[in-house]
Amino acid sequence: MTEFWIRFARNRGAVVGLVILVLVAAMAVLAPVLFPRSPWDMAGAPFMPPGEMGMLLGSDSLGRDVAAGIAHGARISLMVGAVSTVASLGIGVSLGAIAGYAGGWVDDALMRFTEFFQTIPSFILAVLLVAIFSPSITSIVGAIAIVSWPPVARVVRAEFLSLRGREFVQAAECLGKSRLAIIIGDILPNALSPIVVLASLMVASAILLESALSFLGLGDPNLMTWGFLIGSGRSVIRLAWWMSVFPGVAIFLTVLALNLVGEGLSDALNPRLARGRA
Amino acid sequence: MGVSRRGFTAASAAGGVLAASGLMRVSDAIAQGITPRRGGTLTTMLTPEPPILQIGVNNQGPTLIAASKIFQGLVKFSPTLEPLPELAQSWTISPDGKVYTFKLQPNVKFHDGTPMTADDVVFSVTKFHFELAPRARAIFSMIESAAAPDPHTVVFTLKQAFEPFLLMFDVTACAIVSKAAFDGRDYRQAPSVQHPIGTGPFRFAEWQRGNFIRLERFADYWKPNQPYLDAIIFRIVPDSQSRRLAMETGQTVLAHSNDIEPFDVPTLQAIPNLAVETKGWEYFSPLAWMEINHRAAPLNDVRVRRAISQAIDRSFITQRLWFGINKPATSPVASTTRFHDPAVKLPPYDPRAAMQLLDAAGLRPNAQGVRASIKHLVLPYGEVWARLGEYLRQSMRAVGIDLVLEATDAGSWARRIGAWEYETSINFVYQFGDPTLGVERTYVSSNIQKVTFTNTGGYANPKVDELFATARTSAAPAARAAAFSEVQKLLVDDVAQVWLMEMSFPTIYDRKLHNVITGGTGVNASFDDMFLAS
Amino acid sequence: MDPSRLPAFLLRRGIKAAIVILAIIVSNFFLIHAAPGDPASVMAGQSGAADERYLAQLRTQFGLDKPLLEQLWIYVRGMLALDLGYSHRQQMGVAALIWQRLPPTLLLTGVAFALAISGGVTLGALAARRVGTWADSVITVIALTFYATPIFWVGLMLVLLFSVVLGWLPSFGMNSVGADLHGIAAVLDVGRHLILPALTLGLFYVAVYARLTRATMLEVADQDFVKTARAKGVPEGRILRRHVLRNALLPVITLAGIQAGQLIGGSILVETVFAWPGIGRLAFEALLARDYPVLLGVFFCTSAMVVIFNLFTDLLYAMVDPRVEVQG
């Protein structure tokens with residue numbers, strides 16, 4: 001474990017990313033303490049520039065505090081990112097594991113299925129799914145999960161294909177362990193590192209995807225998210241640049257941090273690739 | 001009583017004098033030393049892109065705005081909704097209010113060169129629009145007979161008196177089409193649907209879908225020397241910020257309807273060469289309200305509806321969200337419409353009174369301070385309406401009602417309102433200049449239908465039904481006014497809907513453009529008198 | 001690859017592509033029909049007034065009164081005859097509608113793609129070659145920045161800078177209407193309008209391809225055949241070009257094929273921001289209006305484009321097959 005951290009810490013970008021991520025998470029956790037009022041409450045006059053009327057990042061078109069929106073939005077944006085990633089990992093890992101472990105026609109069929117999902121333009125699919133099931137947190141998370149799982153399935157399948165023939169798997173088979181036990185207990189732990197790296201990147205792209213959906217007006221109207229803030233600020237961007245700039249920066253920093261951490265994880269879990277960095 | 005009105009004659013029009021309000025405009029221009037100048041292209045916008053430009057086959061806002069340059073009605077309307085001559089140079093109404101006789105302008109040609117005659121008018125009214133447009137069908141089914149005694153005279157005999165009949169002859173309600181182009185064909189599939197042929201000052205020239213529509217000057221237009229402009233280009237610009245930029249940079253010189261978001265209006269207003277007007281919507285007078293489904297508890301309790309109404313600060317909505325473009329509603333009949341009663345008032349904004357009403361209705365706050373949870377279907381017509389939903393949610397929260405917002409698209413919204421599958425929503429409905437045409441449909445129990453823009457809320461009051469019926473069948477304006485005053489009081493007492501605001505839309509134009517808004521239908525005018533000063 | 005095996009390879013891929021397209025037709029059809037909202041009530045709603053007769057009339061027109069399976073059969077049969085149906089809302093054949101909107105999208109995505117792949121591979125190769133230096137860091141940071149920024153946000157910022165502040169480039173549309181330009185002037189006019197949207201769409205993928213090229217080049221550089229080449233004394237520049245870059249390009253090509261669809265998806269956002277009259281925007285407008293025939297047509301068309309693009313990359317893949325090179 002310490003060796004892992006040493007390798008991780010050798011990537012300075014990753015450390016910076018981790019620090020940003022911890023700060024964002026802290027902001028999300030502390031939001032109700034920092035801004036006890038609802039982020040939807042009109043806290044002052046509309047279109048106040050940053051610093052006026054005690055609002056650090058200005059107010060929006062209804063006089064709502066942008067800073068409160070960003071802090072409360074961090075909770076939802078991170079949650080959307082995390083939950084949809086978990087959901088798509090669920091789909092991707094199961095399908096990838098089955099395909100890779102079973103091989104043969106099952107593998108073939110599942111891979112055709114995966115390919116099919118990769119062929120349909122994923123953003124258009126996400127837009128369509130959210131529109132069909134009408135915009136809500138569930139439909140947004142579901143749509144993101146449905147368009148994000150194919151890469152997971154491919155990576156997991158590749159790992160399983162290569163691990164399938166190893167001695168420890170054969171040994172487990174000889175011991176009469178059930179297939180499920182072998183998949184979950186023996187192979188999966190060994191395939192974990194690329195999944196972990198992929199997951200950090202998926203959280204990032206889920207946050208981006210959510211903001212794009214909100215931009216097109218497909219956000220959940222009851223939830224404060226960064227995507228919502230940009231969506232509501234973009235049309236007044238020249239009247240109140242702060243409304244879309246700050247949430248945009250929040251997304252940028254978080255996505256950047258997740259990417260940096262992903263790289264650090266990749267370095268730490270896969271030392272061969274980290275060679276050039278030191 | 002012997003109502004008999006004569007419009008302006010063709011002679012006066014031919015003499016270079018424009019009708020009523022246009023006359024004022026031109027004299028204004030002349031007073032400033034500007035005479036109408038021939039030439040120039042008007043570059044404006046159209047949002048969203050219309051599917052086709054044939055009025056009747058499609059009657060959506062963008063279609064009407066572009067096609068009202070190609071087509072014309074028998075009459076047009078002044079800002080106070082007085083009828084003015086257009087294709088009809090004059091008309092008379094029989095004393096019993098049943099017989100309408102129109103004298104048509106001579107020398108009117110369609111864009112294909114054929115003359116327009118009384119036959120075309122009869123066909124347009126009794127066949128074309130009757131077949132295609134539900135609104136026209138409802139009114140024109142009252143026509144007992146239509147006759148064309150000579151090529152320039154049309155006589156409509158009604159089954160019973162119908163005082164607002166003339167309001168149906170604006171271009172937006174009943175554009176005159178060529179009988180030869182449609183008769184005997186499927187109107188929707190006729191070739192001229194793709195290439196509209198009208199009598200208007202501009203003819204259809206080119207349409208690059210997703211990009212622009214171009215109309216060009218019709219040389220054989222019946223008003224001599226008009227139109228002044230050589231061409232009109234409608235650019236399709238789907239993004240509101242791009243539209244605002246186009247106005248700022250002068251890429252377009254006229255923005256109208258929903259082109260410019262309310263919050264952008266003050267910025268554009270500050271630009272010296274741009275003028276902003278909110279007039280020109282009197283004929284339509286859209287009235288917006290919080291749509292209440294009377295079938296859903298606790299909304300069936302009048303105290304709860306009144307509490308909701310009193311919890312809303314309408315001036316916040318009109319000032320903060322619509323930047324003063326809209327006005328707070330005071331009655332179910334908009335103040336720009338005939339028969340609006342200024343004595344009728346909505347109960348004032350008073351959250352404390354609202355909470356007392358909710359207490360009285362037995363809705364007590366629970367531990368979280370919530371008295372009731374009500375769903376709200378957000379009107380999916382863009383940004384400002386989304387903000388309105390958020391504002392209503394916070395206002396309701398302040399009196400203990402938890403308003404849960406539901407997002408939707410335009411299609412699902414229309415379907416759910418039509419199927420009564422909602423608790424509250426926002427709706428806005430055109431008033432069409434007369435309560436019988438635009439208000440009655442929302443409140444009478446005979447119009448409780450599973451169709452949008454009927455009485456979808458399910459409000460029913462026999463007294464209201466009776467008053468609307470009286471007003472509909474009465475030929476005397478005074479009797480109608482009395483019935484409408486009574487009905488406005490009753491509807492306000494019952495809080496039949498939670499009226500929010502009288503809507504208008506900003507028309508923004510370059511000051512070198514003259515005669516932009518001249519009548520009660522604003523940019524739906526033919527633009528035959530519009531000109532670009534050099 | 002052995003040239004004699006190419007026809008069989010192409011045939012196999014062609015059959016696969018056909019099956020994928022058929023599956024897309026069928027699933028798109030059911031997907032859209034699962035959508036709430038009935039096109040008749042949408043149209044009635046937007047025209048401001050409606051009665052039952054009008055709604056019934058519209059439903060008959062849309063074929064919505066027929067059983068679902070019959071509608072599907074009509075649809076599949078039509079698609080196979082390349083008849084994409086008729087949009088009653090737009091009063092126009094869907095195929096004609098898409099044909100009109102296709103060239104702008106192909107132009108936009110084509111230019112953006114060329115920009116992304118040339119820029120991305122160049123930057124990625126540069127970073128990999130100078131790994132660990134300041135140049136590598138700068139390129140990595142730039143790539144990460146664009147990778148982490150919402151695409152529409154980049155578009156808005158470019159509009160702010162180049163249209164509003166500097167006034168250099170037009171912010172919307174594809175050409176200046178009314179200017180009546182011909183020949184070179186007209187081409188240049190479209191070019192000026194193209195710069196910002198293509199840049200917006202391209203920059204994100206520059207970042208994607210740069211990161212990927214860098215990563216795969218580093219990975220390939222570590223492999224045995226490179227070490228062998230180095231041991232044989234092959235010059236470093238030649239190793240990089242002949243062995244490393246060529247092999248590293250494969251994953252980039254594969255990804256590019258897969259992402260052709262994402263590029264079109266991204267064009268919904270970009271076309272909306274810049275009012276670009278392409279099919280990305282058509283798709284979104286059709287979705288809002290519940291214009292089923294157009295939606296089905298656009299999905300078919302974009303998916304078919306991706307399948308064709310994938311075929312093309314497969315072919316490219318076969319031509320730069322690493323095994324041929326490694327053995328040689």
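Just so we're on the same page: letters track the sequence lines, and every chain starts at 1.
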Engineer: With a 4.5 angstrom heavy-atom cut-off, is it the side chain or the backbone of B:E248 that approaches chain C, or both, or neither?
Structural biologist: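 It is neither, since no heavy atom gets under 4.5 Å.
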Engineer: So with a 6.0 Å cut-off around CD1 of C:I184, is the heavy-atom count from everything else above 12?
Structural biologist: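 Count not over threshold, so no.
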Engineer: Where does B:A246 contact chain C at under 4.5 Å (heavy atoms): side chain, backbone, both or neither?
Structural biologist: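 Contact with chain C is through both the backbone and side chain of B:A246.
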Engineer: CG/C:L282 to CD/B:E49 distance, rounded to the nearest 0.5 angstrom?
Structural biologist: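 If we round to the nearest 0.5 Å, C:L282:CG and B:E49:CD are 9.0 Å apart.
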Engineer: Decide yes or no for B:I236 and C:R281: does some side-chain heavy atom of the first lie under 4.5 Å from some side-chain heavy atom of the second?
Structural biologist: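 In short, these two side chains touch, coming nearer than 4.5 Å.
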